[in-house]
Amino acid sequence: MTPRPPSSGSDPQKTPEAAAGAEPPAPQRSAARKTAAAKTTAKKAAAKKAAARKTAGTTTGRRAAGRAPAKAPAAPEPVAPVAPGPVAASPAPSVPAGIDLVRVGAADRERLLGGTHHDPHSVLGAHPVPGGVAFRVLRPYALGVSVVVGTLRSELNDDGDGFFSGLLPLRDVPEYRLEVTYEGTVQHTADAYSFLPALGEFDLHLIGEGRHEQLWKALGAEPMTHQGVSGTRFTVWAPNARGVRVAGGFNFWDGTAFPMRSLGSTGVWELFVPGIGEGELYKFEITRPDGSRTLRADPMARRTEAPPATASIVTASHYEWGDQEWMARRGDVPAHEAPLSVYEVHLPSWRPGLTYRQLAEQLPAYVKDLGFTHVELMPIAEHPFGGSWGYQVTGFYAPTARLGTPDDFRYFVDRCHQAGIGVIMDWVPAHFPRDDWALAEFDGRPLYEHSDPLRAAHPDWGTLEFDFGRREVRNFLVANAVYWCEEFHIDGLRVDAVASMLYLDYSRGPGQWTPNVHGGRENLDAVAFLQEMNATVYRRVPGVVTIAEESTAWDGVTRATHHRGPSGFGGLGFGLKWNMGWMHDTLRYMSHDPVHRKHHHGEMTFSMVYAYSENYVLPISHDEVVHGKGSLVSKMPGDWWRQRADLRAYLGFMWSHPGKKLLFMGQEFAQGSEWSEVRGPDWWLLDPAYGAEADHRGVRDLVRDLNAVYRATPALWARDVHPDGFQWITADAADDNVLAFLRHDADGTPLLVVSHFSPVVREGYRIGVPGDVPAWQEVLNTDAARYGGSDVVHPDPVKPEPQGWHGRPASIRLTLPPLATVWLRPA
């Protein structure tokens, strides 16, 4: 066995110019051409040109990290190739016979070929040795490799198994390039193992601390110019790996020639590959602790292949934004004090077959026409199975390639902003799928998931839960939230499945979970993560809102993180929370036949008991129109006329109830069938050639008017989270199926809302009102003929009578339309 040279290399200032007594390696390629005269000429030329130049250091081992790159000697005169071997020069310390300091030693050779080398730069590349500079290259499939220094070209020995080596009689390590000959082609490239680390110490410190808020700029594939050479820096966190290599289309998907170096205790591996740029496919070939290998997509990939392909793609953004006006003003009013009406969209199926750029020409215009303030995109991050709707993510930093490139997605967001539409994105930090090319046991052991199988396996979805207690995993997720907001100008993150994160016993029975240190069921790690995420996003990206999909009564979801509640926890720090209780209760009420609704009246009023415990969004989301639940209109009882009337009355009630609004696509025009991610909305229902088109268009016209009046009426949104913004007039008219209440803006200006959920007309129905309003004008009536109703409307102002009613000093008499909601404001 040939002993391995020291991994740190020789000190260049102590390297002798000759290796007297050193046994030369036997030439194995073109020996007849490498004459002694050629070697002598090359030695003199190289020595003459290099003598005046002293390098600041070498690229060898850890010692290279603090040194500047070696400077190239002036181009030597053209000479014949130089063979490795002894160089006649001044006396130098002797090297024991049989020691070969040029070729790769057996131990390093085995580790490099086996993919288990932590420091390949200490072996490969150029290294000062007694007698000159040793060049070592690993290039499987190559027919030959030469070193080119200026005009000097020296062919290296073929040492077998893809290794090539040679000795040049140089005083210092020069700038050089490799000429690699393959069958049918010759590649000219810089040597990946001649470069210093392309990742700074401060980046590594932040990664080690779990505090790198722009992690995507440190890990992953980053095209760059490094030491004057264009290429791509590859970095990956894999602390349990025995070795990591880069494999891709540029090396025939064989990572043997591209082992990465370990950057200390952070668990980060790094390699700068010259000549590799945007568009290249790649993965990381990881040698696991048991010696087996796995080929993994980059967890930090910013672009991926379109599924079912799974490779990562080197990318950089060249997009020039045009939404400066939007970005400058989006944070002027906090979300909970502003009108917020959201159109939820599954982007791949809204108009199946359209790309991001094509959608950008259609969706913002449609949403703007209907008056919504925002779109909410179901998860847009890359996911392997379309049927998951994006909720099982594998590419947390990559917009799905199904619809285009990351810059195409930026264009879509930009066009929304230019149309005055905010963009909220569903974000899924709770769990990830088990695909063996993605995050699951990424480096051979649990890494992103919890090491306890009971904590790792999600009982409902067959996925794995993140280990929120590990600082690097928290950093991966917190930085991901920041990434979407900063890089794609996302205006809001709706965080999916928060309840499943907060409780250790979520969907788990006795014996299937372990209490926290206090003996409770709360997942303290998840609480800390959510608090950190919210605090970081709100600090870094003003104007963004975070929204929790949280289905329990957890205390303080939208309370500030530094304010402790009765439970002892600080708030989670979200801006808004989905009001799942309101949604379930009200839809249950609407599903009953009107004759039975009086027995369920409390389902429509109970939400006001807790309406100000959090900052709420009222969600009619995709979850309510799939899996056998039927569409929104189909939940309503009775014939088609009654179903549509109920739907219109319900939407009128929803838009006037405290809380922001969310409606899933297709429900705005009373789609009769459940949503399908394959088919998308039934747009044909709005085709004028369809006989019932007017029925569907009428509901859509109502949604447009609801949004228009909503946005123009501060009473409906300015005091959403303040009790003084709402007053009941009658909450107990169960026998009549009537609800009436007032909404107030900051100045006290009221809006009167009356909802009537019976299919009869009630003439002269008395409603108590404030005594200081001289007349009331109807501003919206869901029974209007243009919406498809019976047109029982109030075109003229309604004047109060001095008769007290419902505890008010005055009252008005209204004709209540069947199954309708009416809004009136001071005339």
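Along the sequence shown, residues are numbered consecutively beginning with 1.
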Stepwise ring-ring contact (aromatic ring centres under 6.0 Å, His included) test for Phe258 and Phe250: CA-CA 11 Å; Phe258 292 88; Phe250 53 88; 5.6 Å; yes
Are any non-hydrogen side-chain atoms of His212 and His205 less than 4.5 angstrom apart? no
Are side-chain heavy atoms of Asn480 and Pro429 found at a separation under 4.5 Å? no
Can we call the ring centroids of Phe252 and Tyr141 under 6.0 Å apart? yes
Determine whether Thr394 and Asp435 satisfy the following criterion, side-chain hydrogen bond (donor to acceptor under 3.5 Å, both in side chains), listing intermediate values before the conclusion. CA-CA 8 Å; Thr394 49; Asp435 299 76; over 6 Å; no
So the salt bridge (Lys or Arg N to Asp or Glu O under 4.0 Å) pairs with at least one residue in residues 288-308 (sequence neighbours excluded) are Glu222-Arg302
Residues 229-248 vs ring-ring contact (aromatic ring centres under 6.0 Å, His included), sequence neighbours excluded, gives Phe234-Tyr282, Trp237-Tyr448
Given the side-chain rings of Phe385 and Tyr391, with only the six-membered ring counted for Trp, is the space between their centroids under 6.0 Å? no
Check the pair Phe135 / Tyr193 against ring-ring contact (aromatic ring centres under 6.0 Å, His included), numbers first and verdict last. CA-CA 10 Å; Phe135 293 85; Tyr193 298 91; over 10 Å; no
Between the main-chain N or O of His188 and the side-chain N or O of Arg177, is there a donor-acceptor pair closer than 3.5 Å? yes
Apply side-chain contact (heavy atoms from CB on, under 4.5 Å) to Thr256 and list each qualifying residue two or more places apart in sequence or on a separate chain. Leu113, Leu138, Pro140, Arg245, Asp254
Sequence neighbours left out, what passes ring-ring contact (aromatic ring centres under 6.0 Å, His included) with Phe442? Give chain and number order. none
For the rings on His118 and Trp269, is their centre-to-centre separation under 6.0 Å? yes
Answer yes or no: is there a donor N or O on one side and an acceptor on the other, between the side chain of Thr235 and the main chain of Gly220, under 3.5 Å? yes
Between Phe432 and Glu465, is there a side-chain heavy-atom distance shorter than 4.5 Å? no
Give the intermediate values and the outcome of side-chain hydrogen bond (donor to acceptor under 3.5 Å, both in side chains) for residues Glu677 and Ser349. CA-CA 6 Å; Glu677 77 276 3; Ser349 70; over 6 Å; no
Cation-pi check, Arg410 to Tyr319: give yes when NZ or CZ is under 6.0 Å from the six-membered ring centre and within 45° of the ring axis, no otherwise. no
Considering all heavy atoms, the nearest Ala301-Ser312 contact: CB-OG, 3.4 Å
Salt bridge check: are Asp408 and Arg357 linked by an N-O gap of less than 4.0 Å? yes
Check whether any side-chain heavy atom of His489 sits under 4.5 Å from a side-chain heavy atom of Trp321, and report yes or no. yes
Applying side-chain hydrogen bond (donor to acceptor under 3.5 Å, both in side chains), run through Asn157 and Ser165 and close with a yes or a no. CA-CA 5 Å; Asn157 282 331; Ser165 66; 5.1 Å; no
Report yes if some heavy atom in the side chain of Trp484 is under 4.5 Å from a heavy atom in the side chain of Pro399; otherwise report no. yes
Taking Gln227 for its side chain and Leu196 for its backbone only, find out whether a donor-acceptor pair lies under 3.5 Å. yes
Sub-6.0 Å ring centroid separation between Phe488 and Tyr483: yes
Heavy-atom distance under 4.5 Å between the side chains of Glu441 and Glu449, does that happen here? yes
His226 ring center within less than 6.0 Å of Phe195 ring center: yes
Got a donor-acceptor contact below 3.5 angstrom from the Gln392 side chain to the Thr463 backbone? no
Considering all heavy atoms, the nearest Trp389-His383 contact: C-NE2, 4.4 Å
Salt bridge (Lys or Arg N to Asp or Glu O under 4.0 Å) pairs touching residues 203-221, sequence neighbours excluded, are Arg211-Glu532, Glu213-Arg539, Glu213-Arg540
Plane angle bin for His431 and Trp461 - parallel if under 30°, tilted between 30 and 60°, otherwise perpendicular: tilted
Can you confirm whether the side chains of Asp108 and His117 place a donor and an acceptor under 3.5 Å from each other? yes
So, the side chain of Arg136 versus the backbone of Val102: is there a donor-acceptor pair under 3.5 Å, distance only? yes
Glu270 and His121: CA distance, side-chain angles, deciding distance, side-chain hydrogen bond (donor to acceptor under 3.5 Å, both in side chains) verdict: CA-CA 11 Å; Glu270 180 268 352; His121 292 69; 5.0 Å; no
Sequence-distant partners of Asp496, side chain to side chain donor-acceptor pair (under 3.5 Å), two or more places apart: Arg494
Side-chain heavy-atom pair Thr405, Thr315 within 4.5 angstrom cut-off: no
